[in-house]
Amino acid sequence: MLDATTIEKFKASLRGELIQPSDEGYDDARKVWNGMFDRKPAIIVRCVSTSDVVSAVNFARDESLLISVKGGGHHVAGTAVCNDGMMIDLSHMRQVTVDKRNKTARVDGGALLSDVDHETQLHGLAVSAGIVSHTGVGGLALGGGFGWISRKHGLSVDNLISAEVVTAEGNLVTASAEENSDLFWGLRGGGGNFGVVTSFEFKCAEIGTEVYSGLIIKKFEDAKKYMQFHSEYLRKLPDEMTVWMVVRHAPPLPFLPNEMHGKMVVVVPFVWLGGQQDGEKLLKPIREITESHGEAIGMNSWVGWQSGFDGLVAHGARNYWKSHHLQELSEGCIDKIIEFAGKMPSDECEVFIPHMEGAPSRVLENETAFAHRKTPFVLNIHTRWRNASDDERCLAWARDFHSSTQDYAKGVYVNFLSDMGEERAKEAYKPEVWNRLVELKNKYDPQNMFRLNHNIPPSV
Ligand SMILES: Cc1cc2nc3c(=O)[nH]c(=O)nc-3n(C[C@H](O)[C@H](O)[C@H](O)COP(=O)(O)OP(=O)(O)OC[C@H]3O[C@@H](n4cnc5c(N)ncnc54)[C@H](O)[C@@H]3O)c2cc1C
């Protein structure tokens, strides 16, 4: 329990807002992307500057408050919000400044991917990150960060040059290859375990403002034949071509016949970072291997493409994800994917299979804390539904599906984990990486103040 005078004094020290349960806007401020989380922090500190973040961390430490840190609020495990403690809300720290000459971008800790694209695209630049524009840079970049250009340009962590971090002691430090290099290593995959990042500096890629990209919608009846082809063909493609696969009920896409809306399909989205004619040649086998229900392919604005999927994963629905990296898309694994896709518990679920090989897999596995770089595919089971009464059914589907593909799995991406707990978090890291992260936690956060995350508990 905090007394009113203590809170008022703290409030007066902030440039941003302090929001309490009785304040207007409290319920909106505590919302996160995943509608399953209805947590109620005692206070929300909506920071607008680094000094606000320092004050918030110091106050929480001195008053022994549980802390949660909200970047974009997208993590499926709802870790951005806590019960009873302090939510450090960075959603008003979204400044992005591009250094055109050096092709770098300085990005505030609460920026969304849309903010980054908005500014970098002025110069035909992009930061390698995710595929949904309302995702936060903070959580994404601290966990790894991959998307349409990462096969060519590396993960977000591979493009991080430096970060400004407020540590558990309330110190503002720079982490880079030159300064606090141990922390810099841990931030690149270790999530929010080591402090609050107030700004990131990224290397940008020159991609122009339009990319040859699109969707090819394959027939679910031919899923096995298509997937067998996909599992081999992708692995020979140049890094400039990224082709993923999503098995789901067809959205009402204008280029699909009406009768296909809502029916099971295999969506094959791609991005090609090259000339259109060369891209077309690479797509030909994909188009020819099985019949398609329809396609929409062409030069798309990068900003438009990056927000094209936003509506399918808008805020508010109930979500539960199970995921692992796949060593191969073998016949047995494909059979399981088709079997479980055929009994999805809601029309909004997706089986999402990104292809990861390329620049990320050429980085040494101990160079950053993001550890699983060699596995070619990710299997992400997106379970998404509306009513709490369906929770049990939906969770059971995801868990059964996940355990039935365990034989093909190796490791998991920390940003795709719904289930918390040390054992699950450990699967995201190699044992030697985990031990090094624990050492780092001992040094930077021995009291485990930053524990609402896929936690790396200190051993001291
Ligand atoms: C619809 C959707 C699409 C996605 N697509 C992709 C994708 O294409 N590629 C990909 O790699 N991932 C993707 N993800 C996963 C995404 O990387 C994680 O959800 C990530 O946590 C999002 O970051 P956030 O800041 O929005 O999350 P938040 O929920 O705000 O934060 C998650 C955790 O990160 C930490 N954190 C956040 N910001 C900071 C900060 N500034 N300083 C310190 N700690 C911080 C905190 O520990 C917090 O608990 C997607 C997720 C969703 C829901």
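Just the heavy atoms: all of them, side chains too, but no hydrogens, waters or symmetry mates, feed the values below. Each ligand, and each atom within it, is numbered from 1 in the order the structure gives.
The protein atom (non-hydrogen) at minimum distance from atom 9 (N) of ligand 1 is F146 O, 2.7 Å. Distance from atom 35 (C) of ligand 1 to its nearest protein heavy atom, with residue and atom name: G192 CA, 4.1 Å. Remark: minimum distance from atom 28 (P) of ligand 1 to any protein heavy atom is reached at G73 N, 3.4 Å. In this structure, atom 27 (O) of ligand 1 lies nearest to the protein heavy atom H74 N, 3.3 Å. Remark: minimum distance from atom 26 (O) of ligand 1 to any protein heavy atom is reached at G136 N, 2.9 Å. Of the protein's non-hydrogen atoms, the one nearest atom 11 (O) of ligand 1 is Y413 OH, 2.6 Å. With respect to atom 29 (O) of ligand 1, the closest heavy atom belonging to the protein is H75 N, 2.9 Å. Among all non-hydrogen protein atoms, the one lying nearest atom 41 (N) of ligand 1 is V197 O, 3.0 Å.
At a threshold of 4.5 Å between non-hydrogen side-chain atoms, the residues R373 and T368 count as touching.
Residue contacts with ligand 1 for I131 involve both N, CA, C or O and side-chain atoms from C-beta outward (heavy atoms, distance under 4.0 Å). Under 4.0 Å from ligand 1, the heavy atoms of W321 that appear belong solely to its side chain. With a heavy-atom cut-off of 4.0 Å, N34 does not touch ligand 1 at all.
Contact atoms of ligand 1 toward V132: 3 (C) (distance under 4.0 Å to a heavy atom of the residue). For ligand 1, the atoms lying closer than 4.0 Å to a non-hydrogen atom of G145 are 11 (O). Counting atoms of ligand 1 from 1 in the listed order, those under 4.0 Å from a heavy atom of V69 are 39 (C), 44 (N), 45 (C), 46 (C), 48 (C), 49 (O). The contact set between ligand 1 and V313, taken as ligand atoms under 4.0 Å from a residue heavy atom, comprises 1 (C). Those atoms of ligand 1 that come under 4.0 Å of a heavy atom in N453, given as number and element, are 47 (O). Interface atoms of ligand 1 facing G130, defined by a heavy-atom separation under 4.0 Å, are 7 (C), 8 (O), 9 (N). Short contacts between ligand 1 and G109, defined as distances under 4.0 Å to a heavy atom of the residue, involve ligand atoms 41 (N). The contact set between ligand 1 and F416, taken as ligand atoms under 4.0 Å from a residue heavy atom, comprises 12 (N), 13 (C), 14 (N), 15 (C).
Below 30°, between 30° and 60°, or above 60°: for H372 and H325 the angle between ring planes is between 30° and 60°, a tilted geometry. Classification of the H315-H134 ring pair by plane angle, with boundaries at 30° and 60°, yields tilted.
Inclusion of L142 in the set of residues having an N or O under 3.5 Å from an N or O of ligand 1 is not warranted. For H134, no nitrogen or oxygen atom sits less than 3.5 Å from a nitrogen or oxygen atom of ligand 1, counting backbone and side chain alike. Between T79 and ligand 1, a contact under 3.5 Å exists for at least one N or O pair.
Within a 6.0 Å sphere centred on CD of Q447, other residues, nucleotides and ligands contribute 12 heavy atoms or fewer. For E210, the CD atom sits in a packed shell: over 12 heavy atoms of surrounding residues, nucleotides or ligands are nearer than 6.0 Å. Heavy atoms of other residues, nucleotides or ligands lying less than 6.0 angstrom from CD of Q20 number more than 12. More than 12 heavy atoms of other residues, nucleotides or ligands shown are found within 6.0 angstrom of NZ on K374. Within 6.0 Å of the CD atom in Q406, the count of heavy atoms belonging to other residues, nucleotides or ligands exceeds 12. For NZ of K430, the number of neighbouring non-hydrogen atoms (other residues, nucleotides, ligands) closer than 6.0 Å is greater than 12.
Judged by the shortest distance from any of its heavy atoms, P354 lies outside the 4.0 Å radius around the atoms of ligand 1. Heavy-atom separations between F450 and ligand 1 are all 4.0 Å or longer. G143 does not count as a contact of ligand 1, since none of its heavy atoms falls under 4.0 Å from the ligand. In this structure, G147 has no heavy atom closer than 4.0 Å to ligand 1.
Residue nearest to atom 12 (N) of ligand 1, selected from L140, V165, V53: L140 (by heavy-atom distance). Distances from atom 24 (P) of ligand 1 to the heavy atoms of G72, S68, S133 put G72 nearest.
Distance check, rounded to the nearest 0.5 Å: CZ of R235 to CD of E357 gives 4.0 Å. Atoms CD and CD1, from E240 and I207 in turn, are 13.0 Å apart once rounded to the nearest 0.5 Å. Of the inter-residue distances, the one linking R151 atom CZ with L237 atom CG reads 6.5 Å to the nearest 0.5 angstrom.
A cation-pi arrangement is present between R188 and F184 under the rule of less than 6.0 angstrom and at most 45 degrees off the ring axis.
Across all their heavy atoms, C204 and V127 have their closest contact at SG-CG2, 4.0 Å.
Using a 4.0 Å cut-off between charged side-chain N and carboxylate O, E439 and K443 make no salt bridge.
E201 and S162 share a side-chain donor-acceptor pair at under 3.5 Å.
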